2 protein chains.
Amino acid sequence: MGRKKLLIKRLECAKARQSKYSKRKIGILKKAKELSVLCDVDLALVMFSPSGTPSVYVGKDKDLHRVVERLSIMSIEDREESEWKNPHTINDLAKLQIMEDHLVASLDCIRAKKRDLIIQEQQNQSIQASLPQGEPII
Amino acid sequence: MGRKKLLIKRLECAKARQSKYSKRKIGILKKAKELSVLCDVDLALVMFSPSGTPSVYVGKDKDLHRVVERLSIMSIEDREESEWKNPHTINDLAKLQIMEDHLVASLDCIRAKKRDLIIQEQQNQSIQASLPQGEPII
DNA sequence: GGCTATGAATAAGC
DNA sequence: GCTTATTCATAGCC
């Protein structure tokens, strides 16, 4: 769309990339929101500008939020690691700490779920064992 | 766009939601890919159809893949949990175990990074301490 | 899932 | 960022 047809290949000029990104980011964020609302659908979109700034849209399921946050943090971390130039070590340590905290919280959550499931399974088995004999449940 | 202007609100007919999703999914996936290629940008898009099938596009940075996979698994898990009807407990336990393993691996990775940073920081300090006195570095 | 009329997104240019 | 000529995505149909 636009005055001329544009070939979809990497724009070599960095300035052009940033400019194009600024415009199209708005469009795709709108599309994501429309799709999520119209179709009542779980959706997550994360993008990083050429300079590394993340933009996020998460539709409907708010549980996706936490995962997407982690996605953003991890990717920023990866980017800075690859641009490893200055010793902003304290800042990086703080970010790692945040990531670690997030992961520990997620682990706690998952292990709690596991415990619940195991307990529930045991209860099901004892109920089944105490039932009068009938057709075996498959 | 289209024959009439469409208001952006949840389509009440489930059949219409699925149909609309099928069409717009193609459009937004194309947009995501174009943006990622044109602007050479890291991007992740995950959607779940009304019936729960995930569609994914990840552009450029393949490290996002692992996180997006986890995003998909976790969201499927959440969905099935909310549709809690049949005791397919074993299956759920297996999924939780996969998630736990992923998280543990991520934690190991992050803690290793932390150790490296701390050691590096200590080395920087001892180098600095052994330098001749000059202007303090701020 | 394919077909058009139409509304939207956006390429160039300011 | 704002405007406008164009191309693109898609609503309603089948």
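Note that these values count all heavy atoms, side chains included, but never hydrogens, waters or copies made by symmetry. First the proteins, then the strands, lettered A, B, ... as listed; each starts at 1. The model shown is predicted, which means the values in this text are computed figures rather than measured ones.
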Given atom [atom1] of [X] and atom [atom2] of [N], what is their separation to the nearest angstrom?
| X | N | atom1 | atom2 | answer |
| --- | --- | --- | --- | --- |
| A:K30 | C:dT10 | NZ | C1' | 12 Å |
| B:L7 | C:dA8 | CG | P | 10 Å |
| A:I28 | C:dA9 | CD1 | P | 12 Å |

Identify each atom pair where a protein N or O and an N or O of nucleotides 12-14 of chain C are less than 3.5 Å apart, giving names and distance.
{"residue": "C:dA12", "atom": "N6", "partner": "A:K23", "partner atom": "NZ", "Å": "3.2"}

Are [X] and [Y] grouped together when hydrophobic residues (ILVMFWY) are joined by side-chain heavy atoms under 4.5 angstrom apart?
| X | Y | value |
| --- | --- | --- |
| A:L11 | A:F48 | no |
| A:V37 | B:Y21 | no |
| B:V46 | B:V58 | yes |

Under the side chain to side chain contact (heavy atoms under 4.5 Å, CB included) criterion, do A:M47 and A:I28 qualify, and how do the steps go? CA-CA 10 Å; A:M47 312 169 271; A:I28 197 171; 3.7 Å; yes
For DNA chain D, note the earliest and the latest nucleotide, 5' to 3', having some atom under 4.0 Å of a heavy atom belonging to chain B.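 Footprint of chain B along DNA chain D, 5' to 3': D:dA9 to D:dC13.
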Considering residues at least two apart in sequence or located in another chain, which fulfil the side chain to side chain donor-acceptor pair (under 3.5 Å) criterion with A:D108?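 A:D108 satisfies side chain to side chain donor-acceptor pair (under 3.5 Å) with no residue once adjacent residues are dropped.
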Non-hydrogen atoms of A:P50 and B:C39 that approach each other most closely: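 It is CG-O, 4.1 Å.
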Taking every non-hydrogen atom, the tightest pair across A:L35 and A:V41: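 So the two residues come closest at O-CB, 4.5 Å.
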When you match A:L38 and A:M1 each to their closest nucleotide on DNA chain D, which lands nearer the 5' end?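 On the 5' side of the pair lies A:M1.
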Could you check B:K31 against B:G2 and say which one's nearest nucleotide on DNA chain C is further toward the 5' end?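 Whichever sits nearer the 5' end wins; that is B:G2.
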Going through the checks in order, is the side chain to side chain contact (heavy atoms under 4.5 Å, CB included) test met by A:L117 and A:Q120? CA-CA 5 Å; A:L117 282 180; A:Q120 188 181 335; 4.3 Å; yes
